[in-house]
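First comes the structure, then the notes that go with it.
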Amino acid sequence: MRIPIFTIAVFLFSGTFIHTVAQSNLPKLPNSNDDNFVVIAHRGASAYAPENTHSAFKMAIEMKAEMIELDLLLSKDGIPVIIHDELLKRTTGEKGNVSDYTLAELKEMETGAWFNEQFKGEPLPTLEEVLAYTKDVVAVNIEIKHDAVTDTAQDGIVDKALELVYQAKMQDQVIFSSFDYRVMEHLNELDPNIPKALLYEKRQSGSLSPKQLVEKYAVDAFNCSYKELTDEWISELTSNNIPFFIYTVNEPELMEKITEAGARGIFSDYPDVLKEVVENM
Ligand code: G3P
Ligand code: CA
């Protein structure tokens with residue numbers, strides 16, 4: 001991978017000019033290719049298999065993605081389950097919300113047929129199941145979805161997800177993220193050392209810049225959509241040595257542009273394409 005000129009400049013002058021916000025605590029990558037860039041499979045290899053399923057995660061692992069991203073909600077009986085929408089309709093065809101059903105009831109549903117008949121019968125995964133086969137294999141970005149977040153940290157989704165991460169002994173192999181900034185506060189209360197990234201959300205951010213948000217919420221990385229990323233933000237993030245991760249990038253030209261801009265990683269539905277683009281830069 002070619003190293004962007006900007007990165008070289010940062011390296012050369014880092015002792016003199018760069019003000020680091022705080023030491024970033026990013027997860028270790030068991031299958032890293034050591035280029036300081038992270039290929040992230042968005043909802044698994046979701047261009048090829050139904051999003052947020054075992055098939056999508058396993059395909060991402062086969063494609064040698066360095067991190068898989070998944071979306072987390074809670075079942076009625078409080079079990080962390082992997083699904084993007086609180087409304088079940090789009091990916092299961094069922095009525096109502098995820099939180100209306102117990103894990104046993106959710107397990108009766110299937111999440112593959114909407115994508116392709118070939119995946120009919122694909123079960124809705126739990127976080128515990130996915131951690132069992134990703135440990136020492138691939139890093140995991142656990143995105144906590146807003147619908148399951150409560151005002152207090154204890155016994156909430158963050159608490160429950162952290163407990164599963166501890167059980168799996170994967171504290172150094174995961175990163176938490178959320179558009180709901182209460183999650184950052186809960187993590188700081190429950191375990192300030194666990195890696196965490198803020199997903200930029202305009203309404204909660206007010207006039208704060210990425211650097212100010214990273215400082216306010218004491219997070220390790222700043223994540224946003226490629227549609228939100230401005231030259232001004234890039235400049236602020238890179239000059240302050242703040243890792244930033246950009247979603248969801250599926251076009252090779254855009255992947256190249258964002259990598260050149262200094263992003264530490266990209267979320268893509270096509271981790272194989274992203275990997276190839278980055279390796280050939
Ligand atoms: O974490 C990056 C990205 O997944 C956030 O958007 O809607 O795909 O969860 P969304
Ligand atoms: Ca997500």
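What you see is a predicted model; the values in this text were computed from it and never measured.
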Give a yes or no on whether a salt bridge exists between [X] and [Y], defined as a side-chain N under 4.0 angstrom from a carboxylate O.
X: Glu128; Y: Lys135; result: no
X: Asp147; Y: Lys145; result: no
X: Glu251; Y: Lys257; result: no
X: Glu62; Y: Lys58; result: no
X: Arg182; Y: Asp151; result: yes

When you measure from the side chain of [X] to the backbone N and O of [Y], does any donor-acceptor pair fall under 3.5 Å?
X: Asp172; Y: Pro27; result: no
X: Glu129; Y: Thr126; result: yes
X: Arg43; Y: Glu69; result: no
X: Glu110; Y: Ala113; result: yes
X: Asp191; Y: Asn193; result: yes

- Message: So for atom CD, which belongs to Glu276, do other residues, nucleotides or ligands contribute more than 12 heavy atoms lying within a distance under 6.0 Å?
- Response: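 Incorrect, the count does not exceed 12.
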
- Task: Would you indicate whether Tyr217, at its atom OH, is surrounded by more than 12 heavy atoms from other residues, nucleotides or ligands within a distance under 6.0 Å?
- Result: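 Yes - once you tally the heavy atoms of other residues, nucleotides and ligands closer than 6.0 Å, there are more than 12.
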
- Item | Ring centroid separation Tyr200 to Trp233 under 6.0 Å |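 Between Tyr200 and Trp233, the centre distance is under 6.0 Å.
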
- Query: Is the Tyr48-Tyr270 ring centre distance short of 6.0 angstrom?
  - Reply: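 Yes, ring centres under 6.0 Å apart.
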
Treat each ILVMFWY residue as a node, draw an edge where side-chain heavy atoms are under 4.5 Å apart, and state whether [X] and [Y] are in one component.
X: Phe57; Y: Val165; value: yes
X: Ile142; Y: Met184; value: yes
X: Leu237; Y: Leu254; value: yes
X: Met63; Y: Met255; value: yes
X: Phe176; Y: Leu198; value: yes

- Message: Can you confirm whether the side chains of Ser177 and Asn223 place a donor and an acceptor under 3.5 Å from each other?
- Response: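 Note: Ser177 and Asn223 side chains miss the donor-acceptor criterion.
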
- Task: Answer with yes or no whether the side chains of Gln212 and Glu215 bring together a donor and an acceptor at under 3.5 Å.
- Result: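 Looking only at side-chain atoms, Gln212 and Glu215 do not form any donor-acceptor pair under 3.5 Å.
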
Looking only at heavy atoms, what is the nearest atom pair of [X] and [Y], with distance?
X: Val277; Y: Pro252; answer: CG2-CB, 3.8 Å
X: Glu66; Y: Val38; answer: OE1-CA, 3.5 Å
X: Ser75; Y: Val81; answer: N-CG2, 4.1 Å
X: Thr102; Y: Asp77; answer: CA-OD1, 3.2 Å

- Message: Run the side-chain contact (heavy atoms from CB on, under 4.5 Å) test on Thr111 and Asn52 for me, step by step, so that the C-alpha distance in whole Å, both residues' side-chain angles and the decisive distance to 0.1 Å come before the verdict.
- Response: CA-CA 9 Å; Thr111 65; Asn52 285 318; over 6 Å; no

- Check step by step if side-chain contact (heavy atoms from CB on, under 4.5 Å) holds for Leu73 and Glu86. CA-CA 7 Å; Leu73 284 165; Glu86 172 66 12; 3.6 Å; yes

- Worked verdict on Met67 versus Phe267 for side-chain contact (heavy atoms from CB on, under 4.5 Å): CA-CA 9 Å; Met67 187 181 286; Phe267 296 85; 5.6 Å; no

- Show the numbers, then the answer: is there a side-chain contact (heavy atoms from CB on, under 4.5 Å) between Thr53 and Leu124? CA-CA 7 Å; Thr53 61; Leu124 198 143; over 6 Å; no

- Query: Name the one of Ile266, Ile40, Thr259, Leu274 that satisfies side-chain contact (heavy atoms from CB on, under 4.5 Å) with Val249?
  - Reply: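 Among the candidates, only Ile266 passes.
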
